[in-house]
Number of protein chains: 2
Amino acid sequence: MATLAEDRTENPEELVREIALAGRAAQHVLAGMTSPEKERALHLAATALRADAEAILAANARDISAGEANGLSGAMLDRLRLDEARLEGIASGVDAVASLPDPVGEVIGTSEPPNGLKLSRVRVPIGLIGMIYESRPNVTADAAALCVRAGNAALLRGGSEAVHSNRAIHAAMVRGLAEGGVPEAAVQLMPTQDRAAVGAMLTAAGMIDMIVPRGGKGLVARVQADARVPVLAHLDGICHTYVHSAADPEMAERIALNAKLRRTGICGAMETLLIDATYPEAARLVASLADAGCELRGDGRICALDERVIPASANDWDTEYLDAVLSVACVDGLGAAMDHIARHSSHHTDAIVTDDETVAERFLASVDSAIVMHNASSQFADGGEFGLGAEIGIATGRLHARGPVALEGLTTYKWLVRGSGQARP
Amino acid sequence: MATLAEDRTENPEELVREIALAGRAAQHVLAGMTSPEKERALHLAATALRADAEAILAANARDISAGEANGLSGAMLDRLRLDEARLEGIASGVDAVASLPDPVGEVIGTSEPPNGLKLSRVRVPIGLIGMIYESRPNVTADAAALCVRAGNAALLRGGSEAVHSNRAIHAAMVRGLAEGGVPEAAVQLMPTQDRAAVGAMLTAAGMIDMIVPRGGKGLVARVQADARVPVLAHLDGICHTYVHSAADPEMAERIALNAKLRRTGICGAMETLLIDATYPEAARLVASLADAGCELRGDGRICALDERVIPASANDWDTEYLDAVLSVACVDGLGAAMDHIARHSSHHTDAIVTDDETVAERFLASVDSAIVMHNASSQFADGGEFGLGAEIGIATGRLHARGPVALEGLTTYKWLVRGSGQARP
C-alpha cells in the first residue's frame with residue numbers, strides 16, 4: 001500500500017498543505033482544552049514513551065546500525081544513541097513540561113482609556129509550529145511537549161539518520177496525547193525525508209506560523225536563507241568574555257575556564273576572551289587556559305604573554321570553534337572591549353568580569369546581545385538555567401523573542417475589548 | 001552635481017546598504033541618549049516643522065499640482081493635501097509622541113533561579129525600521145517620531161506623489177532632531193523614488209530589522225510577498241460584527257451603523273454583519289442600515305427581510321469594501337457565527353453585540369483575531385483609542401506584536417544576568 005508520503009513526494013507543497021490544514025484544525029481543538037486537560041495529556045504521553053521503551057530502543061538500534069554503516073562520526077552517533085536512561089530522561093522532560101504553568105490565558109496588561117472601553121491583552125497560542133532538526137531524537141518529544149503545553153500544533157521534521165527513532169517516539173507521544181483528548185494531528189511527523197518537503201515547509205507562509213530549526217550551522221543557515229515563514233533561531237554563538245582591569249583574578253580564571261571548557265560544543269561556550277591591557281593577572285589567566293589544554297590564538301600582546309599562544313588570523317575573531325580553541329585579544333578599556341563585541345559578536349551571549357559595579361552596569365546597558373552577563377559564565381545561557389523549565393531554542397533575531405525561548409515565546413496575544421455599547425465619535 | 005541617488009540607482013542594493021549602515025551607526029548614538037534628551041529633540045523637531053510651514057506647504061502645493069496634472073483621484077489628492085491646520089496637527093502629533101513614556105529600559109520581568117543568578121529582561125530598541133508608505137505625507141513625521149522615541153533609526157520611503165512634501169517634512173524633522181543631538185542619519189528619507197530601491201529594502205535582511213508598510217492593499221501585498229526582512233502589517237481588515245439573539249436592539253443598531261458608516265475607508269470598518277437567526281429585531285437592523293444609505297448584500301434569509309438587500313455572491317464574504325457596502329449573513333447561533341468568522345475574517349477586529357455575558361466571554365475567548373470586541377464598534381480599532389498615544393500600524397501577523405502597534409512594538413528586549421562569580425556545574 002502506498003503511503004501518503006509516497007503518493008505525494010512529487011508534490012511537496014500539496015503534501016505540506018494537507019498536513020498543515022490537518023494541524024491547524026487540530027490546533028483549534030487544542031486551543032479549546034483547559035490547562036489541566038493539556039497537562040494530563042502530556043503526562044499520558046510521557047507514560048506512553050515509557051511503555052514503548054522496547055520499541056523505541058529497537059528503532060534506535062536500527063538507526064545506529066545504519067549510521068555506523070554510513071560512517072557517521074562518533075559525535076553524531078552519540079547524539080543519535082538512546083538507552084534506558086536517556087529515554088527516561090526524555091519521558092521525564094515531557095512530565096516536566098506538562099507541569100509548567102500554562103502561558104495561555106495570561107493577562108499581559110489591562111487599561112481603560114477615556115472612551116470607557118475595558119482593554120486587556122491575553123496570551124494565546126501561535127498556531128502551527130514547524131520544527132526542523134537533525135540527529136537528536138529527543139527533540140521529537142521535547143518540541144512536541146512544549147508546543148502542546150502552549151496550545152500549539154507541531155509539524156516535526158527530524159534528520160534522516162534518526163528516522164526510525166523519531167517515528168517510534170512520535171507514535172508513543174501521539175497515542176498518549178490522544179488518550180488525553182489531544183487530536184492526533186496536533187503533533188505530526190513529516191511522513192517523508194524528501195528534502196523538497198523541507199523546502200515546502202519553509203515557504204508555507206500562512207499555513208505554518210513559525211519555524212524553529214535546531215541543529216548545525218548548515219541547517220540553520222539554509223532555513224534562514226530560504227524561509228518565508230518567520231524563523232526563531234540562532235546561527236552562531238560567538239560569545240565573548242571581557243576581563244576588566246578590576247576583575248577578581250580568581251573569579252576571572254574560574255569563569256573563563258568554565259565558559260570555554262565545561263562543554264565546548266554548546267552555543268553558549270565562550271569563543272573569544274578579551275583581556276584588558278591593564279588587567280594585572282593576564283599572564284596567569286592565559287597560562288591557566290593553556291594548562292587546561294585549550295588552544296589559544298592571540299593578538300600580538302597576548303602572544304607575548306605565553307609562548308603557547310599562537311598568532312590569531314583576522315578570521316579568528318569571527319569564528320565559532322565549538323572546540324577547545326579560543327581567540328584572545330588584549331583591549332584598551334571598556335570602550336575598546338565593547339567595540340570589539342559590537343563588531344564580532346553574534347549577539348548571543350557576551351559577558352564582563354569585574355568588581356567595578358559602575359563599569360558592569362555600563363557594559364550591561366550598552367552591549368546589545370540577547371544575553372548580557374556580569375560575573376557569570378556564558379555557559380549559563382540556557383532556558384533551564386534561566387528557570388524557564390525547558391527551551392525550544394535560543395534566538396538571536398530581534399523580533400518576537402530573544403535569548404532562551406520556552407513557553408512564553410510559543411505564544412502571541414490578542415486584545416480583548418469589553419464595551420458598554422460605545423460608538424466611536 | 002550628481003546626487004547620491006543618481007549615482008546609485010544602478011545598484012540599489014549598494015545604495016540601501018550604505019544608507020542602512022549610516023542608519024545603524026546613528027542608531028547606536030540614539031540608543032545612548034537618555035529619555036529626556038530624546039523627548040527634547042522631538043519637541044525641537046516639532047518646532048522645526050512649525051518654523052518650516054511655508055516651505056512645507058509650498059512643497060505640498062507642487063505635489064498637489066503634479067497630482068492634479070497626473071489625474072489623481074479626489075480621495076488621493078485629499079490624502080496628499082496639507083494646509084496650516086493639518087501641518088499643525090502633524091507637529092502636535094510629534095509633540096505628543098515626544099511626551100509618551102519611553103519604553104526603552106523598562107524591566108519586563110525579573111527572576112532569581114536556584115543558581116543564584118539575578119535575571120532581568122529589559123526593553124531595548126529594535127534597530128533600523130524601514131517604513132514604506134503611500135500618499136499621506138504625515139507618515140513621514142509620525143513614523144520618524146515613533147521610531148526615534150523608542151530609540152530606533154528610521155529609513156522612510158514615501159510615495160512618489162508626495163515626494164516634495166516628504167522631503168520638506170523630513171528636512172525640518174532632521175534639523176530639529178539634530179539641534180537636540182540626534183544624528184542626521186537616524187532618520188533618512190530614501191533619496192530615490194526608483195522602485196528597485198524598495199525591492200532592495202525588502203531584501204536587506206540583517207541591515208534593516210523590520211519593515212512597516214502603510215498604504216493600500218497592493219503595496220502591503222507586494223511587501224509581504226517580497227520581503228525577507230520581518231514585516232509588521234495587515235493586509236485586509238475584513239471585520240465582522242455578530243448581533244446575538246440577546247443583543248439590545250438599540251445598541252446593536254448604534255454599533256452597526258457606526259462600525260460600517262462612521263468612516264468606511266479605514267481598516268477597522270465592519271465589512272460583514274452576522275445576524276443571529278433568533279435575533280428579534282433583524283428587519284429593523286437591516287432597514288436602518290439601508291435607510292442610512294448602505295448597500296446591503298445578503299444571503300437568502302437576509303434578502304427576505306428587506307427588498308433593498310441584494311443577493312450576496314460567494315466572494316462578498318471575503319471582500320473588504322472600504323465603502324458604504326456591507327455583506328450580511330444570517331447565522332444559527334454562536335457556533336455558526338464563530339465558524340463564519342474563522343473562515344472569512346482577516347483576523348483584524350471582530351465583535352459581538354449581546355447582553356448575555358456568558359456568550360460574550362465565549363466569543364472573546366474563542367475568536368482568534370488581533371482584536372476581539374464585545375458591545376463596541378470595530379471602528380475603535382486604533383492605537384489612539386487604545387490609549388497607546390499613536391500607532392505605527394495595525395498588525396495581523398501572529399509574531400512579535402498584534403493589533404495596534406505603538407512604542408512597545410518598536411522595541412525588543414535583552415536578558416541581563418548579574419552573577420557573583422558563578423561557573424556552571
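What you see below is based on every heavy atom in this structure, not just the backbone, and it leaves out hydrogens, waters and symmetry mates. What you see is a predicted model; the values in this text were computed from it and never measured. Below, read A as the first sequence line, B as the second, and so on, with proteins coming before strands; counting in each chain starts at 1.
- Taking 4.5 Å as the limit, some side-chain heavy atom of R424(B) sits within range of a side-chain heavy atom of D382(A).
- When the candidates G206(B), G127(B), P425(B), A360(B) are compared by the number of heavy-atom contacts under 4.5 Å with chain A, P425(B) comes out ahead.
- For I255(B), the part sitting under 4.5 Å from any heavy atom of chain A is the side chain, from C-beta outward, and nothing else.
- In this structure, no portion of P114(B) lies under 4.5 Å from any heavy atom of chain A.
- When the candidates V372(B), L257(B), T412(B) are compared by the number of heavy-atom contacts under 4.5 Å with chain A, V372(B) comes out ahead.
- In this structure, L399(B) and I126(A) have side chains that are in contact, with non-hydrogen atoms separated by less than 4.5 Å.
- For A227(A), the part lying near chain B is the backbone, with the side chain staying farther off; criterion is any non-hydrogen pair under 4.5 Å.
- Neither the backbone nor the side chain of D350(B) comes within less than 4.5 Å of any heavy atom in chain A.
- If you measure heavy-atom distances from R263(B) to chain A, you find no contacts under 4.5 Å at all.
- Here the closest non-hydrogen pair linking A376(B) and G419(A) is CB-CA, 4.4 Å.
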### Task
Take F380(A) and V417(B) through the side-chain contact (heavy atoms from CB on, under 4.5 Å) test and state the conclusion after the steps.
CA-CA 9 Å; F380(A) 281 107; V417(B) 179; 5.8 Å; no
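- Residue with the most contacts toward chain B among P230(A), G397(A), A252(A), S420(A): S420(A) (heavy-atom pairs, distance under 4.5 Å).
- In this structure, chain B has heavy atoms under 4.5 Å from both the backbone and the side chain of I371(A).
- Within the 4.5 angstrom heavy-atom criterion, no atom of A351(B) approaches chain A.
- Considering every non-hydrogen atom in both A423(A) and S377(B), the closest pair reads CA-CB, 4.1 Å.
- R254(A) places a side-chain N or O within 3.5 Å of a backbone atom of G421(B) that can act as its donor or acceptor partner.
- Heavy atoms closer than 4.5 Å to chain A are found in the backbone of A370(B), but not in its side chain.
- Heavy atoms of S369(A) lying under 4.5 Å from chain B belong exclusively to its backbone.
- Looking at V122(A), neither its backbone nor its side chain comes within 4.5 Å of chain B, counting heavy atoms on both sides.
- The shortest distance between side-chain heavy atoms of R402(B) and V124(A) falls below 4.5 Å.
- Options A259(B), A381(B), A365(B) differ in how many heavy-atom pairs under 4.5 Å they form with chain A, and the most are formed by A365(B).
- No donor-acceptor distance shorter than 3.5 angstrom exists from the side chain of K414(B) to the backbone of G403(A), with no hydrogens or angles considered.
- Only the side chain of E408(B) comes within contact range of chain A, judged by heavy atoms closer than 4.5 Å.
- Listed here is the closest heavy atom pair of D209(B) and R398(A): OD1-CD, 3.3 Å.
- Contacts with chain B were tallied for M373(A), R228(A), M210(A); R228(A) has the most, counting heavy-atom pairs under 4.5 Å.
- By number of non-hydrogen pairs under 4.5 angstrom with chain A, the leading residue of E385(B), K118(B), Q379(B) is E385(B).
- Here R262(B) is the residue among Q224(B), H374(B), R262(B), M251(B) with the most heavy-atom pairs under 4.5 Å with chain A.
- Of all heavy-atom pairs spanning L388(B) and W415(A), the tightest one is CD2-CH2, 4.2 Å.
- Looking at E361(B) and R418(A), their side chains come closer than 4.5 Å, going by heavy atoms from C-beta outward.
- There is no contact between T349(B) and chain A, counting heavy-atom distances below 4.5 Å.
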